[in-house]
Amino acid sequence: MYIQSRNLSLRQIAESGQCFRMNEIEEGRYSLIAFGEYVELQQIDDEQIRILGASPDNPTLWEEYFDLHYDYGAVIRELLSGEDEFLRKAADYGSGLRILRQEPFEILISFIISQNKNIPAIKSAIERLCQAYGERKCWSMDPRISYYTFPSATALAGANLEDLRGLGLGYRDEYVLKAAQAVAEGRLDLQQLMKMDCEQLTAKLISLRGVGKKVANCVTLFAFHQLQSVPVDVWIARVLEEIYKGEFSWERYGGRAGLIQQYMFYYIRNRK
DNA sequence: CTCCAGGTGCTGG
DNA sequence: CCAGCACATGGA
């Protein structure tokens, strides 16, 4: 199947630090594991991508995943015509970024793991977690390609701490196990959270051990699509301090602040 | 080998 | 409220 939209760059999204299981396999072609399926993504041109191996069961699934209904062009135009030079450059540089609508449990666990790790280390830790507790499957388009799904909460909750420790998650293994147990036992109902407003949602998330403000904001932004959420990590903190001298106002961008943050993050980390 | 990472929890002021 | 520190590990 094909997806058409402006402001949709597979490369930029894959390098944006919001998803950890999307990888370039050759020029302009990416593998992605999500919703328990493996697909390959191909950038056809500036306004079109192709998805290979997508299950026909839910035809709008990938359009939702890539957040097709949101007008990213409007935000880019706003920034390009604004007086903030750093944001003009960031918007120009990352104009193909989007905030994906990813699965809440995967994002919760992934960003618990992310703390105090760099992106390559996060990716490899998540792969090890998937190999240990996910389900091994073969791709329908090519059975020679096998992959592991992201573990279910039930599967992960059934792990014991010693085995988890062997995966090299460091001190985060305990946080991961507890979060998985909270979800598996229904104490944290992710479906229920969908209906909450951002403030309640954040409070629920922060009540988990190992989930602070930054991780909670990543979960609300990347899984619950709360675009007003602004995760402040070491890179963003650096931008706020060094570029803006502590004077930047997120309020000005309201419900787009999280997206603005993403343009900043991508630009500061990837510009040459 | 050393440095640092999409932080959090805890403690002491 | 804020500053300082420990935390466990791997990738660069």
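Small disclaimer: the values here were computed from a predicted structure and weren't measured. Proteins get letters first, then strands, A, B, ... in listed order; numbering begins at 1 in each.
Checked against C:dA8, B:dT8, C:dG11, the side chain of A:R172 finds its nearest nucleotide in C:dA8. Taking only side-chain atoms of A:P231, from C-beta outward, the nucleotide of C:dA8, C:dG11, B:dG6 with the closest atom is B:dG6. Residue A:W235 places its side chain closer to B:dA5 than to any other of B:dG7, C:dG11, B:dA5.
Here A:S114 does not reach the OP1 or OP2 of B:dA5: none of its side-chain N or O atoms lies under 4.0 Å away. At C:dT9, none of the side-chain N or O atoms of A:R128 fall inside 4.0 Å of OP1 or OP2 (strictly under the cut-off). Contact annotation: A:R209 does not reach the phosphate of B:dG7 (side-chain N/O to OP1 or OP2, under 4.0 Å).
Within 4.0 Å of A:P120, counting heavy atoms only, lie sugar-phosphate atoms of the nucleic acid but no base atom. When heavy atoms are screened at a 4.0 angstrom cut-off, A:F20 is found touching no nucleic acid atom at all. Within 4.0 Å (heavy atoms only), A:G168 reaches sugar-phosphate atoms of the nucleic acid but no base atom. Among the heavy atoms of the strands, none lies under 4.0 Å from A:R165. Heavy atoms of A:S16 sit under 4.0 angstrom from at least one base atom. Residue A:E174 is out of contact with every strand shown, counting any heavy-atom pair closer than 4.0 Å. Across all strands, A:L169 comes closer than 4.0 Å to no nucleic acid atom at all (heavy-atom distances).
Judged by distance alone, with hydrogens and angles left aside, A:Q115 brings no side-chain donor or acceptor close enough to the base of B:dG9 to form a pair under 3.5 Å. Within 3.5 Å, no donor on the side chain of A:Y266 pairs with an acceptor on the base of B:dG6, nor the reverse. Remark: the A:D233 side chain and the B:dA5 base include no donor-acceptor N/O pair separated by less than 3.5 Å.
One interatomic measurement links the two molecules: CG of A:N118 to P of B:dG7, which rounds to 10 Å at whole-angstrom precision. Straight-line distance from the CZ atom of A:R269 to the P atom of C:dA12: 11 Å, rounded to whole Å. Protein atom CE of A:M22 is 18 Å distant from nucleotide atom C1' of B:dG6, rounded to whole Å.
Ring-plane geometry between A:F265 and A:W235 is classed as perpendicular, the angle between the planes exceeding 60 degrees on a 0 to 90 degree scale with a lower cut at 30.
Note that A:R271 lies in the cation-pi zone of A:Y267, set by a 6.0 Å cut-off to the ring centre and a 45° limit from the axis.
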- Message: Could you write out DNA chain B as dot-bracket? Rules: Watson-Crick or G-U wobble, both distances under 3.5 Å, brackets [ ] for crossings, | for pairs with another strand, dot for unpaired.
- Response: .||||.|||||||

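Nucleotides B:dC1 and C:dG10 place their C1' atoms 14 Å apart, quoted to the nearest Å. Between the P atoms of C:dA8 and B:dT11, the separation comes to 16 Å (whole Å). For C:dA3 and B:dG6, the P atoms lie 23 Å apart once the distance is rounded to whole Å.
At a threshold of 4.5 Å between side-chain heavy atoms, the hydrophobic network of Ile, Leu, Val, Met, Phe, Trp and Tyr places A:L68 and A:F35 in one connected group. Taking hydrophobic clusters as Ile, Leu, Val, Met, Phe, Trp and Tyr residues chained together by side-chain heavy-atom distances below 4.5 Å, A:I113 shares a cluster with A:L164.
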- Task: Show your working on ring pair (Phe, Tyr, Trp, His ring centres under 6.0 Å) between A:F111 and A:F20 and close with a plain yes or no.
- Result: CA-CA 10 Å; A:F111 278 94; A:F20 301 109; 5.2 Å; yes

- Task: Take A:Y266 and A:Q18 through the test side chain to side chain contact (heavy atoms under 4.5 Å, CB included) and record every step on the way to the result.
- Result: CA-CA 10 Å; A:Y266 180 72; A:Q18 62 176 303; over 6 Å; no

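An aromatic stacking contact between A:F111 and the base of B:dG6 is absent, as defined here by ring centres under 5.5 Å apart and ring planes under 30° from parallel.
In this structure, A:F150 and A:Q102 have side chains that are not in contact, with every pair of non-hydrogen atoms separated by 4.5 Å or more. Within the 4.5 Å cutoff, no side-chain heavy atoms of A:W62 are placed close to those of A:I49. Within the 4.5 Å cutoff, the side chain of A:N7 has no heavy atoms near those of the A:V75 side chain.
Across the interface with DNA chain B, nearest-nucleotide mapping of A:C218 and A:L208 shows A:C218 to be the residue nearer the 5′ end. When the nearest nucleotides of DNA chain B are assigned to A:G17 and A:G210 by heavy-atom distance, the more 5′-ward of the two goes with A:G17.
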